[in-house]
Amino acid sequence: MKDPEILTVAPNIKLLHLHPPIPGYDKFIGPYLISGKKNALVDTGPSAAIPSLLYALNKINMDSKDIDYVVFTHIHIDHAGGAGDVARELPNARIVAHSRAHEHLINPIALWQASLKVLGDYAIKSGPIEPVPEDRIVDAANHMKLDLGNGLILEIYLTPGHSVHHLSLFDRAGGMLLAGEAAGVCINGVIRLATPPPFKLDVTMSSVDKLIELKPVKLCYSHFGCYNKALDRLELYKTKVLEWYEIITSAARTSNNPEQILKVLRDKDKDLDYLDNLDSDVYSRELSLIINSIRGIAGNSVG
Ligand SMILES: [Zn+2]
C-alpha cells in the first residue's frame, strides 16, 4: 500500500491524501482532519481506503480514541463506504450525517445495491459497506455547530443537489469552506460538474447560493484539495452548471446517447480537454462520472 500523504491546508486542517487499492482513484479520496481540542474527520473514503486512513492518523500520532466526530458530507460509497469500519476503529467518534442518511447508515443494503448498479466494478473494489450502530449516529440539522474547542467551530449547512443527503461545513473564523461536492469537483485544477441523477437545477443552484452567502475565503473540495478565491470558484461553478445545462438539454433533444452528448459538450467546454492528459485509469473514472453527470442533467431522455 502506498503511504498516505498529509497536507496542512490551514493551521487546524489537514488533508489526508489516501491511496486505496482502486485503479484510477489517485488524488481522489481526501478526508479532512480538523483539530481544536477535539478532532473531527470529514468523510473517510470507502472501506478499501480505511487501512490507509488509519495509517495516516497513526503517522501524525493521532490516537484512534481521540477522534470525536466523523462527519459525512454525503453517503456515496467514495465518501462513507467506510462508515461501519470507522465506527468500529474509532471507538469514541460520533457519526454525523444528514438525517436522510440515517436509515442507510444503519442498514446499508440499498446503498450497496445502488452503488453496484451505478459504479459496477468500482463499487466492488471500494469494498463492502458495513452498518453503523444507531446509538453512534447524530442527525445533522441546518446551522448545527460542532464546537471543537480552541475557538474552532464547524458550522453545518445542508446543501442538497449532488445528493439529497448532502451537507457542507464552514469554519467561519478561518474562512474555510469544506463544500463536499456541492460546488462540483476540481480535478487537476479544472472545475467540472458533479450532477448525478436525480438532478434538480433549482436545488443545486440554491445550495451554491447558500455557500456564497457564507463568504468563504478558501474552498476545500472532496475531490480534490483546497484553493483560494473561494467566491470566484463558487460563481464559476454556477456559470458552469447553467452552461452545461443548456448544452446537455439541447443536445438531448436530438440524441439519447450520453457519449454522443459528451462529444457536443467537449466541443463547447474546452476545460474538458484536461481529459486528454490523464492516465488511462483516471480517464476511465472521470469519463464514467461525467457521463453520470450528463445522465443527471438530461434526465430520463438519455439511455
Ligand atoms: Zn464523491
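These numbers come from a predicted model, not from an experiment.
Of the candidates Leu41, Leu33, Asp43, Leu41 is the only one forming a side-chain contact (heavy atoms from CB on, under 4.5 Å) with Leu53.
Note that the CG atom of Leu262 and the CG atom of Asp267 stand 10.0 Å from one another [nearest 0.5 Å]. Note: Trp244 CH2 to Leu265 CG = 5.0 Å, rounded to the nearest 0.5 Å. For the atom pair CG of Asn257 and CD1 of Ile291, the computed distance is 7.5 Å after rounding to the nearest 0.5 Å. Between the CD atom of Glu134 and the CG atom of Asn107 there is a distance of 11.0 Å, given to the nearest 0.5 Å. Atom OG1 of Thr204 sits about 6.5 Å away from atom OH of Tyr237, to the nearest 0.5 Å. The distance from the CD atom of Glu259 to the CG atom of Leu287 is 7.0 Å, given to the nearest 0.5 Å.
Every residue two or more places apart in sequence or in another chain that forms a salt bridge (Lys or Arg N to Asp or Glu O under 4.0 Å) with Arg192 is listed here: Glu286. Every residue was checked against the salt bridge (Lys or Arg N to Asp or Glu O under 4.0 Å) condition with Asp281, not counting sequence neighbours, and none meets it. With sequence neighbours excluded, no residue forms a side chain to side chain contact (heavy atoms under 4.5 Å, CB included) with Val217. For the side chain to side chain contact (heavy atoms under 4.5 Å, CB included) test, no residue two or more places apart in sequence or in another chain qualifies with Asn58. With sequence neighbours excluded, the residues forming a disulfide (SG to SG under 2.5 Å) with Cys226 are Cys220, listed by chain and number. For Ala48, the side chain to side chain contact (heavy atoms under 4.5 Å, CB included) partners at least two apart in sequence or on another chain are Pro21, Ile22. Shown here are the salt bridge (Lys or Arg N to Asp or Glu O under 4.0 Å) partners of Lys229, two or more places apart in sequence or in another chain: there are none. Asp63 pairs by the salt bridge (Lys or Arg N to Asp or Glu O under 4.0 Å) definition with nothing, not counting sequence neighbours. Qualifying side chain to side chain contact (heavy atoms under 4.5 Å, CB included) partners for Glu130, counting only residues two or more places apart in sequence or in other chains: Asp85, Pro128.
There is a path of hydrophobic side-chain contacts, each under 4.5 Å, that joins Ile124 to Ile50. Hydrophobic clustering, with ILVMFWY side chains joined whenever heavy atoms are under 4.5 angstrom apart, groups Met62 together with Ile6. Clustering ILVMFWY residues whenever any of their side-chain heavy atoms sit less than 4.5 angstrom apart, transitively, puts Ile191 in the very cluster that holds Tyr283. Under the 4.5 Å side-chain heavy-atom criterion for ILVMFWY residues, a single connected hydrophobic cluster contains both Ile106 and Trp112. Both Val264 and Leu242 sit in one connected hydrophobic cluster of ILVMFWY residues. Membership requires side-chain heavy atoms under 4.5 Å apart, directly or through other members.
Nearest heavy atoms, Pro31 versus Gly45: CG-N, 4.5 Å. Between Asn39 and Asp66, the closest heavy-atom pair is ND2-O, 2.9 Å. Among all heavy-atom pairs drawn from Arg94 and Asp135, the shortest one is NH2-O, 2.8 Å. The nearest pair of heavy atoms linking Gly296 to Phe199 is O-CB, 3.3 Å. Contact between Ser115 and Ile77 at its shortest, heavy atoms only, is OG-CB, 3.8 Å. When all heavy atoms are compared, the tightest approach of Glu181 to Val185 is OE1-CG1, 3.6 Å.
Of the possible polar contacts, none joining the Asp147 side chain to the Ile153 backbone as a donor-acceptor pair under 3.5 Å is found. Distance alone, capped at 3.5 Å, is enough to place a donor-acceptor pair between the His98 side chain and the Arg100 backbone. Looking at Arg136, its side chain does come within 3.5 Å of a backbone N or O of Ala93 through a donor-acceptor pair. At least one donor-acceptor pair closer than 3.5 Å links the side chain of Thr195 to the backbone N or O of Ser293. Of the possible donor and acceptor atoms, one in the side chain of His162 sits under 3.5 Å from a partner among the backbone N and O of Ala194. Side-chain atoms of Ser255 do not come within 3.5 Å of backbone N or O of Ala251 as any donor-acceptor pair. Side-chain N or O atoms of Ser207 include one that pairs as donor or acceptor with a backbone N or O of Pro160 at under 3.5 Å. At least one donor-acceptor pair closer than 3.5 Å links the side chain of Lys59 to the backbone N or O of Pro4.
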* Stepwise, does the side chain to side chain contact (heavy atoms under 4.5 Å, CB included) test hold for Glu235 with Leu231? -> CA-CA 6 Å; Glu235 291 292 353; Leu231 283 172; 5.5 Å; no
| request: Could you go through the side chain to side chain contact (heavy atoms under 4.5 Å, CB included) check for Ile297 and Leu193 one step at a time? | output: CA-CA 10 Å; Ile297 291 179; Leu193 266 59; 3.6 Å; yes
* To do: Show your reasoning for whether ring-ring contact (aromatic ring centres under 6.0 Å, His included) applies to His223 and His79.
  => CA-CA 10 Å; His223 315 293; His79 300 254; 4.9 Å; yes
Kindly indicate, with the supporting measurements, whether the criterion side chain to side chain contact (heavy atoms under 4.5 Å, CB included) is fulfilled by Leu177 and Leu234. CA-CA 11 Å; Leu177 173 64; Leu234 292 166; 4.2 Å; yes
Run Ser168 and Leu211 through side chain to side chain contact (heavy atoms under 4.5 Å, CB included) and show every step you take.
CA-CA 8 Å; Ser168 303; Leu211 298 179; 3.8 Å; yes
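Other residues, nucleotides and ligands place no more than 12 heavy atoms under 6.0 Å from the OH atom of Tyr245. Enclosure of atom NZ in Lys270 by more than 12 non-hydrogen atoms of other residues, nucleotides or ligands within 6.0 angstrom is indicated. Annotation: Glu246, atom CD; neighbour count of heavy atoms from other residues, nucleotides and ligands within 6.0 Å does not exceed 12. Crowding of Lys38 atom NZ: a count of heavy atoms from other residues, nucleotides or ligands under 6.0 Å not exceeding 12.
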Side-chain donor-acceptor distances from residues 23-30 under 3.5 Å, at least two apart:
none

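A disulfide (SG to SG under 2.5 Å) check over residues 7-93, counting only residues at least two apart or in different chains, returns nothing.
A heavy-atom distance below 4.5 Å is not found between the side chains of Tyr122 and Pro46. Inter-residue side-chain proximity for Arg295 and Pro258 is flagged as met; some heavy-atom pair is nearer than 4.5 Å. Within the 4.5 Å cutoff, side-chain heavy atoms of Phe72 are placed close to those of Thr44.
With a 4.5 Å cut-off between side-chain heavy atoms of Ile, Leu, Val, Met, Phe, Trp and Tyr, the cluster of Leu152 takes in Leu7, Val9, Ile13, Leu15, Tyr32, Ile34, Val42, Tyr69, Val71, Val96, Val138, Met144, Leu146, Leu148, Leu154, Ile156, Leu158, Leu167, Leu169, Met176, Leu178, Phe224.
When only modelled atom types and interatomic distance are considered, His166 and Thr159 share a side-chain donor-acceptor pair under 3.5 Å.
Salt-bridge annotation for Arg266 and Asp276: present, with a side-chain N of the basic residue lying under 4.0 Å from a carboxylate O of the acidic one.
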